[in-house]
> 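Here it is, the structure, as structure tokens.
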Amino acid sequence: MGSNKKKWFSLNLSNNKPNGTSCGCGKSSDGCGSHNPTPNKDERTKDGFEQVFDVKMSRRTAFKQLAASLAIGAGAVSTSCSIIAGDESKEKAQIDWEEQFKGNYKLMSDDEKKATVDRLVRSYQLRTGKTLNMSSKNAEKDVLFGYAFNISKCQGYMDCVSACVEENNQDRKSQMQYIRIHEMKDGKGFNFNEADDNYYHEVPAEGHFYMGTQCFHCDNPPCVEVCPVQATWREDDGLVVVDYDWCVGCRYCMAACPYDGRRFNWSKPEVPEEEINKNQHYLGNRMRKKGVMEKCTFCVQRSRVGKNPACVEACPTGARIFGNLLDPNSTIRWVLENKKVFRLKEDLGTEPKFWYFMD
């Protein structure tokens, strides 16, 4: 075997990254679409108000943005000046005003991230009288998350789907689901056009096999490239995330994703209060609003504190494996180095961090 033979995966899984490389994909910032140029100093120091009105938008969108901001501002001034408004009403008006003009999350300092999380937690408390735990924990150093799916073990039980819905506060009314389990006929290969994603019968069905899809957290994500307002980006640990408050709902990312990994909220998501998972992350499972995109985040609220995503824990057959690609002793690395694995649509150059294999 020649020493210069290319390994079957092209992600750079070493801890030592080449000069000029900003992630584990092994490409320079000029050659990989997942890298957004580091904002210059002036851009980093812009406050939320400047960022909001610096975004390129149509005249109609700009007018709507301005009208909404003025309405919120007028309401805040009116409430603050009212002699009958209570302290909590004034506080809520102030929170609404500050949230309207907060900057893009990826440009925030750690203190600014904490401030917006604290506001959201306090706003929830004022509205419901209940508390929740929301994190703004950043990516850990020397961590690059990856996922492997054992087709031989999946039996189509869909416990993973249910766990994902509950963990990530997905809309119950529209039955939104980040994960798809495809039931395919033996001997037909991976034919997604003929696969059944909504089967209602006892599983596993004879003569069929099962294959799961979700967001693959590509190292070169086309969804990031097409976003006109930079509401979605790739984090240092490889997670592709969304700032729901900056998403304008254009759905360009949905069209650009070759894996059907994104979901759009056509109406305001509904989750019964008693079912809301109150252990949240700003970039993950916090409550969304109408007209924004969302997707799998590898359960960022769990993965960044050393836990497996909910789907991995829920799988009754052990078909799902998750871990740090930069840890040579991790199970995910063992699978990549000892199993015959493949990724979907590798010819597109998206470099998904989601592999399939069979025993």
> Measuring from atom SG of C154 to atom OH of Y356, what distance do you get when rounded to the nearest 0.5 angstrom?
10.0 Å
> So which atom in Q170 and which in Q177 form the shortest heavy-atom distance, rounded to 0.1 Å?
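Answer, listing the atom of Q170 first, then Q177: OE1-CA, 3.2 Å.
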> Under a 3.5 Å threshold, yes or no: a donor from one side chain and an acceptor from the other, between E167 and N277?
yes
> Aromatic rings H182 and F192: how do their planes relate, parallel, tilted or perpendicular, breaks at 30° and 60°?
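Ring orientation of H182 relative to F192: perpendicular.
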> Salt bridge between K141 and D236, side-chain N to carboxylate O under 4.0 Å?
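D236 and K141: not salt-bridged.
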> Looking at K339 and D359, does any basic side-chain N land under 4.0 Å from a carboxylate oxygen?
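D359 and K339: salt-bridged.
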> Within the 3.5 Å criterion, strictly below it, is a donor on R127 or S123 matched to an acceptor on the partner's side chain?
yes
> Looking at E194 and K188, is any side-chain nitrogen of the basic one under 4.0 Å from a carboxylate oxygen of the acidic one?
yes
> Treat each ILVMFWY residue as a node, draw an edge where side-chain heavy atoms are under 4.5 Å apart, and state whether M287 and Y244 are in one component.
no
> Look at the aromatic rings of F216 and Y259 and report parallel, tilted or perpendicular, splitting at 30° and 60°.
tilted
> Parallel, tilted or perpendicular: which fits the ring planes of F298 and F322, with parallel below 30° and perpendicular above 60°?
perpendicular
> Output the distance between atom CZ (F149) and atom CD (Q214), rounded to the nearest 0.5 Å.
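CD of Q214 is found 8.5 Å from CZ of F149.
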> Would you tell me whether D171 and S174 have side-chain atoms, one donor and one acceptor, within less than 3.5 Å of each other?
yes
> So do the side chains of D260 and R180 get within less than 4.5 Å of each other, counting heavy atoms only?
yes
> Taking the side chain as C-beta and beyond, is there a heavy-atom pair between Y157 and P204 under 4.5 Å?
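Heavy-atom side-chain distance check passes, below 4.5 Å.
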> Does this structure show an ion pair linking K353 with D237, if we count only N-O contacts that are shorter than 4.0 Å?
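Result for this pair is no, no salt bridge flagged.
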> Using every non-hydrogen atom in the two residues, find where A310 and C299 come nearest and quote the distance to one decimal.
N-SG, 3.4 Å
> Taking the side chain as every heavy atom from C-beta outward, state whether D186 and F209 have any atom pair closer than 4.5 Å.
yes
> Looking at D327 and R333, does any basic side-chain N land under 4.0 Å from a carboxylate oxygen?
no
> Report yes or no: is the cationic atom of K113 (NZ for Lys, CZ for Arg) under 6.0 Å from the centre of the six-membered ring of Y105, at an angle within 45° of the ring normal?
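Verdict for Y105: a cation-pi partner in K113.
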> So how far is it from N308 CG to C315 SG, rounded to the nearest 0.5 Å?
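The CG atom of N308 sits 11.0 Å away from the SG atom of C315.
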> Considering non-hydrogen atoms only, spot the tightest contact between N150 and S152 and give its length.
OD1-N, 2.9 Å
> Mind checking whether Q301 and M134 have side chains closer than 4.5 Å, heavy atoms only?
no
> Kindly indicate whether the side chain of I179, heavy atoms from C-beta on, has any atom under 4.5 Å from the side chain of C311.
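Side-chain contact under 4.5 Å: yes.
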> Please determine whether a side-chain nitrogen of the Lys or Arg among R302 and E313 lies less than 4.0 Å from a carboxylate oxygen of the Asp or Glu.
yes
> Is the closest basic N to carboxylate O distance between R304 and E235 below 4.0 Å?
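Result for this pair is yes, salt bridge flagged.
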> Is the shortest side-chain heavy-atom distance between M184 and N191 below 4.5 Å?
no
> To the nearest 0.5 Å, what is the distance between CD1 on I332 and CG on L326?
12.0 Å
> Inspect the contact between R122 and D118 and indicate whether a charged nitrogen and a carboxylate oxygen are less than 4.0 angstrom apart.
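No salt bridge links D118 with R122.
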> Minimum heavy-atom separation for P258 to K345, with atom names?
O-NZ, 2.7 Å
> State whether the number of non-hydrogen atoms from other residues, nucleotides or ligands found under 6.0 Å of E275 atom CD is greater than 12.
yes
> Is there a side-chain contact between E294 and N265, using heavy atoms and a 4.5 Å cut-off?
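The answer is yes; the side chains approach within 4.5 Å.
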> Between the side chains of R343 and T350, is a donor N or O closer than 3.5 angstrom to an acceptor N or O?
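Per modelled atom types, R343 and T350 side chains form no pair under 3.5 Å.
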> Inspect the surroundings of CD in E273 and state if more than 12 heavy atoms from other residues, nucleotides or ligands are less than 6.0 Å away.
yes
> Which word best sums up how the rings of F264 and W266 line up, parallel for under 30°, tilted for 30 to 60°, or perpendicular for over 60°?
perpendicular
> Would you please indicate yes or no on a ring centroid separation below 6.0 angstrom for W355 and F357?
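Not under 6.0 Å, so no.
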> Write down the atom of N285, the atom of Q280, and the distance for their closest heavy-atom approach.
OD1-CA, 3.0 Å
> Is the shortest side-chain N to carboxylate O distance from K102 to E112 below 4.0 Å?
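No, this pair does not count.
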> Is the number of heavy atoms from other residues, nucleotides or ligands within 6.0 Å of NZ (K278) greater than 12?
yes
> Considering all heavy atoms of both residues, which atom of I181 and which atom of G156 are nearest to each other, and what is their separation?
CG2-CA, 4.2 Å
> Could you grab the distance from atom NZ of K295 to atom CG of N168, nearest 0.5 Å is fine?
10.5 Å
> If you apply the rule ring-ring contact (aromatic ring centres under 6.0 Å, His included), what do you find for F190 with F342, and how did you get there?
CA-CA 12 Å; F190 304 113; F342 67 92; 5.2 Å; yes
> Do Y210 and E183 have side-chain atoms, one donor and one acceptor, less than 3.5 Å apart?
yes
> Measure the shortest side-chain to side-chain distance between L283 and T297 over non-hydrogen atoms and say whether it is less than 4.5 angstrom.
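Heavy-atom side-chain distance check fails, nothing below 4.5 Å.
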> Determine whether Q125 and K130 satisfy the following criterion, side-chain hydrogen bond (donor to acceptor under 3.5 Å, both in side chains), listing intermediate values before the conclusion.
CA-CA 5 Å; Q125 187 177 37; K130 300 180 180 181; over 6 Å; no
> Taking atom SG of C223 and atom NE2 of H217, what is their separation to the nearest 0.5 Å?
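NE2 of H217 is found 9.5 Å from SG of C223.
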> Does the distance from a Lys or Arg side-chain N to an Asp or Glu carboxylate O, for R172 and E270, drop under 4.0 Å?
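No, this pair does not count.
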> For E206, look at atom CD and say whether over 12 heavy atoms of other residues, nucleotides or ligands are found less than 6.0 Å away.
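Result for CD/E206: open.
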